[in-house]
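Presented below is the structure to which this report refers.
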Amino acid sequence: MTRPDRDDEDTGWQRLHPLTPVLRGGRSLAVLVGVLGTQGLRQGSPLGVAGVLGAGALLAALAGTVAWRTTRYRVEAGELQVDSGVLVRRARRVPLARMQSVDVVRPLAARVLGLAELRLEVVGGDDTEAPLRYLSEADARRLQEVLLAGGRRTTAQDPAHDPAHGPVHVAEQVLVQVPTGALVGSVLLGGPAIVSLLVLVALLVVLAVQPSAALPLLGTGASVVLATGGVSVRRVLAEYGATVAESPEGLRLRSGLLDTRTQAVPPGRVQAVRVLEPLLWRPFGW
């Protein structure tokens with residue numbers, strides 16, 4: 001009898017990276033720690049909390065392994081096919097003709113392990129279709145090239161193919177890259193940063209005029225500053241190094257400092273372009 005793995009190879013099916021259960025289990029364990037950690041230490045014994053977390057880690061690893069074993073994908077007949085599920089099998093078929101963009105996303109934890117996510121957006125879809133979490137970075141970028149080529153696999157005779165490393169990126173032309181100084185400046189002149197500044201100024205004024213009245217407001221003010229400041233920091237991290245380049249396969253958009261994102265948009269698939277000029281940005285030409 002032929003092994004299932006051999007059947008997958010013969011029919012073109014491939015599996016996600018073997019380290020996928022580690023990352024998925026780690027995410028589940030982090031959620032469990034957040035839910036049970038502080039409350040458990042307050043209301044229960046550290047040994048009991050450790051036992052619950054250990055059991056949770058074991059279950060998360062088992063669930064991640066089963067999910068990895070039952071998930072497979074391939075590019076066939078002009079579509080990306082993804083099968084998954086244990087109790088309820090799910091077969092997703094995404095026609096490449098409806099593809100809007102192909103993204104390679106690398107969260108920080110995945111980058112440490114050399115892994116990446118592949119996300120596919122289709123015309124008329126509200127959410128990402130058939131996400132593949134996780135692939136090796138090389139496999140994710142290779143699959144991105146295959147999808148951009150409409151499912152055509154490169155061959156040894158293809159001038160854009162390197163037999164040792166797969167598809168070769170043709171020289172691309174950088175259209176625009178956001179300078180770091182401009183990004184930080186735009187964030188400091190954005191709504192969240194201005195709200196933080198106004199709250200701080202208000203607290204300092206109240207503290208100077210009537211210190212006793214400022215104390216009850218410190219907690220609320222600190223919460224507002226942390227929330228709005230967090231929005232600003234997340235924007236800098238997400239949009240750091242934002243670059244738009246043009247290549248034969250279409251537009252390529254890259255950004256991110258900790259979590260990186262590379263988005264590829266095939267030619268002719270740009271649906272709209274917006275230009276926003278907030279009042280405080282205009283003197284700088286942003």
Would you find a donor on one side and an acceptor on the other, under 3.5 Å apart, between the side chain of [X] and the backbone of [Y]?
| X | Y | answer |
| --- | --- | --- |
| Arg282 | Glu277 | yes |
| Thr70 | Ala67 | yes |
| Arg106 | Leu115 | yes |
| Ser247 | Glu172 | no |
| Gln144 | Val102 | yes |
| Arg254 | Thr262 | no |
| Thr20 | His17 | yes |

Open item on the list: Test of understanding: with side-chain hydrogen bond (donor to acceptor under 3.5 Å, both in side chains), list the residues that count as partners of Ser232, not counting sequence neighbours.
Closed with: none
Quick check on the hydrophobic clustering: are [X] and [Y] connected, directly or via other members, by side-chain heavy-atom contacts under 4.5 Å?
| X | Y | value |
| --- | --- | --- |
| Val209 | Val201 | yes |
| Val195 | Val225 | yes |
| Trp281 | Ile194 | yes |
| Val265 | Val123 | no |

Can you check whether [X] reaches [Y] side chain to side chain, under 4.5 Å on heavy atoms?
| X | Y | result |
| --- | --- | --- |
| Leu175 | Leu251 | yes |
| Val75 | Leu96 | yes |
| Thr228 | Val199 | no |
| Leu16 | Arg24 | yes |
| Arg92 | Pro131 | yes |
| Arg269 | Glu121 | no |
| Trp286 | Leu189 | yes |
| Met99 | Leu147 | yes |

Task: Polar contact flag, side-chain donor to acceptor under 3.5 angstrom, Ser186-Arg235 - done: yes
Open item on the list: Is it true that Gln81 and Arg74 share a donor-acceptor pair across their side chains at a distance under 3.5 Å?
Closed with: yes
To check you understand the geometry: which heavy-atom pair defines the closest contact between [X] and [Y], and what is its length?
| X | Y | value |
| --- | --- | --- |
| Thr71 | Ser84 | OG1-CB, 3.6 Å |
| Ala193 | Leu188 | CB-O, 3.5 Å |
| Arg111 | Leu257 | NH1-O, 2.8 Å |
| Pro266 | Gln100 | CD-O, 3.4 Å |
| Leu183 | Val236 | CD2-O, 3.8 Å |
| Ala116 | Val104 | CB-CG1, 3.8 Å |

Open item on the list: Under a 4.0 Å threshold between the charged nitrogen and the carboxylate oxygen, would Glu137 count as salt-bridged to Arg141?
Closed with: yes
Task: Arg93/Asp83 ion pair, N-O < 4.0 Å - done: yes
- [ ] For the pair Leu135 and Tyr73, evaluate side-chain contact (heavy atoms from CB on, under 4.5 Å) and give the outcome as yes or no after the intermediate values.
- [x] CA-CA 11 Å; Leu135 305 171; Tyr73 69 94; 3.6 Å; yes
- [ ] Would you indicate whether Arg89, at its atom CZ, is surrounded by more than 12 heavy atoms from other residues, nucleotides or ligands within a distance under 6.0 Å?
- [x] yes
Task: Set of side-chain contact (heavy atoms from CB on, under 4.5 Å) partners for Thr180, sequence neighbours left out - done: Val184, Tyr240
Task: Partner residues of Pro107 under the side-chain contact (heavy atoms from CB on, under 4.5 Å) criterion, sequence neighbours left out - done: Val105, Ala110, Glu117, Asp259
